[in-house]
Amino acid sequence: VVDVTSAVYVAYTNNGAPAIARFDPHGAPLALPAGAFAGLANPVALAYDADDGEILVADAGVGKVLAFDENGAPLKTFAAPTVAGANGVAYDPHGGNVYASGSGGVTVFAPAGGPPRAGVPASFAANSAQGITFVAASANGPLNRIAAGDASAAPRADGAAAIRPR
């Protein structure tokens with residue numbers, strides 16, 4: 001992810017140890033304070049909340065989204081719900097909510113954790129460049145994959161819906 005100063009944050013493993021590094025826009029490492037991003041087990045995705053200066057980390061090892069400031073200090077006021085099998089995180093700058101995906105579906109919450117801002121959306125959808133849409137019927141519901149076509153939908157054998165041309 002990229003913060004407001006154009007610093008780039010990358011999650012990776014270093015000899016089996018989880019780590020997050022920070023780089024300038026040209027790829028030169030930027031030092032982080034000792035102990036930055038402590039408590040990670042298996043960081044798999046990052047998101048950035050520019051409004052609050054939060055770096056959100058989906059950690060599959062602890063099954064949660066963790067929040068840190070730009071220097072890697074944990075945010076004490078952050079209390080995200082458990083996200084089983086956490087494998088993705090995104091921040092919506094328009095609605096101000098955090099969307100975390102995991103093996104149980106999509107979980108929506110406010111940047112400080114807790115209930116989502118402006119209520120929970122009835123559904124969540126994200127389109128891909130390949131014409132695939134991912135939809136959840138509720139904040140904590142399963143994520144369904146829909147292949148875009150024309151306008152009629154038919155259930156697939158795997159439980160997802162496939163849109164078929166008329």
#### Entry: Joint cluster assignment, Ile20 & Leu66, ILVMFWY side-chain distance < 4.5 Å
yes
### Query
Are the side chains of Tyr99 and Val89 in touch, meaning some heavy atoms are under 4.5 Å apart?
no
### Message
Grouping I, L, V, M, F, W and Y whenever their side-chain heavy atoms are under 4.5 Å apart, do Val44 and Phe78 come out in a common cluster?
### Response
no
### Query
Is there a donor-acceptor contact under 3.5 Å from the side chain of Ser103 to the main chain of Ala84?
yes
### Message
Tell me whether Phe23 shares a hydrophobic cluster with Phe37, the cluster being built from Ile, Leu, Val, Met, Phe, Trp, Tyr side chains joined at under 4.5 Å.
### Response
no
### Query
Any donor-acceptor pair under 3.5 Å linking the side chain of Asp92 with the backbone of Asn97?
no
### Task
For the pair Asp3 (side chain) and Ala7 (backbone), establish whether a donor and an acceptor sit closer than 3.5 Å, ignoring hydrogens and angles.
yes
### Query
Which atom names give the shortest non-hydrogen contact between Ala100 and Val83, and what distance separates them?
CB-CG2, 3.9 Å
### Query
Within a strict 4.5 Å, meaning less than it, do heavy atoms of the Leu75 and Glu54 side chains meet?
yes
### Task
Return the minimal non-hydrogen interatomic distance between Val57 and Pro43, and the atom names on each side.
CG1-CB, 3.6 Å
### Query
Would a 4.5 Å heavy-atom cut-off, applied to side chains only, mark Lys64 and Asp59 as touching?
no
### Task
State, yes or no, whether a side-chain contact exists between Glu70 and Tyr9 at a heavy-atom distance under 4.5 Å.
yes
### Summary
Heavy-atom closest pair (Tyr48 atom, Gly53 atom, distance to 0.1 Å) is OH-CA, 3.8 Å
#### Entry: Non-hydrogen atoms of Ala47 and Ala90 that approach each other most closely
CB-CA, 3.9 Å
### Summary
Taking every heavy atom of Gly102 against every heavy atom of Asn87, the minimum-distance pair comes out as N-OD1, 3.7 Å
### Summary
Of Val1, Asp51, Ile55, Leu46, the one forming a side chain to side chain contact (heavy atoms under 4.5 Å, CB included) with Tyr91 is Asp51
### Task
Show your reasoning for whether side chain to side chain contact (heavy atoms under 4.5 Å, CB included) applies to Arg22 and Asn71.
CA-CA 9 Å; Arg22 179 172 60 184; Asn71 287 313; 3.1 Å; yes
### Query
Going by heavy atoms in the side chains, are Leu56 and Phe68 under 4.5 Å from each other?
no
### Message
Could you check whether any side-chain heavy atom of Asn42 comes within less than 4.5 Å of a side-chain heavy atom of Pro18, counting everything from C-beta outward?
### Response
no
### Message
Looking at every non-hydrogen atom in both residues, tell me the closest pair between Pro25 and Ser6 and how far apart they are.
### Response
CG-O, 3.4 Å
